[in-house]
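Along the sequence shown, the residues carry numbers beginning at 1. Values reported hereafter were calculated over all heavy atoms of this structure, with side chains retained and with hydrogens, waters and symmetry mates removed.
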Amino acid sequence: MTTPPSPDPPDAGRPSREELDRQVRDRYGTWRDQPRGLACAVIAAFMILTTAAFVFAVVAVVAAMR
């Protein structure tokens with residue numbers, strides 16, 4: 001004996017895609033809202049090292065001209 005098909009659609013009782021998206025945004029925010037600590041640290045380190053290298057090059061050129 002087989003069971004009769006359910007009158008409800010297969011996804012009855014489950015929230016819609018829009019509702020799930022809203023719940024995720026409310027809980028986690030978007031990727032733009034997430035902290036970017038590592039990226040900021042990498043960019044800051046690059047800027048500091050670039051500045052230090054530029055200063056060292058200027059000092060080397062000034063010392064070579066004397």
Side-chain angles (χ1 to χ4, degrees):
M1 180 177 278
T2 61
T3 57
S6 172
D8 297 331
D11 60 353
R14 292 180 14 187
S16 67
R17 178 65 186 198
E18 292 79 20
E19 176 65 19
L20 290 174
D21 288 344
R22 188 191 61 75
Q23 289 176 5
V24 168
R25 277 194 307 274
D26 290 347
R27 174 79 167 98
Y28 298 108
T30 63
W31 65 270
R32 295 175 191 271
D33 299 332
Q34 301 301 319
R36 297 181 199 78
L38 179 61
C40 289
V42 168
I43 291 169
F46 178 77
M47 290 173 57
I48 291 169
L49 291 175
T50 302
T51 302
F54 181 73
V55 169
F56 178 74
V58 168
V59 169
V61 168
V62 169
M65 291 183 359
R66 288 186 181 187

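- Under the 4.5 angstrom side-chain criterion for Ile, Leu, Val, Met, Phe, Trp and Tyr, the cluster partners of Met47 are Ile43.
- Chaining together hydrophobic side chains whose heavy atoms lie under 4.5 Å apart places Val55 alongside Val59.
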Chi angles and distances behind the side-chain contact (heavy atoms from CB on, under 4.5 Å) call for Phe46, Val42: CA-CA 6 Å; Phe46 178 77; Val42 168; 5.6 Å; no
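- Under the salt bridge (Lys or Arg N to Asp or Glu O under 4.0 Å) criterion, Glu19 pairs with Arg22, sequence neighbours left out.
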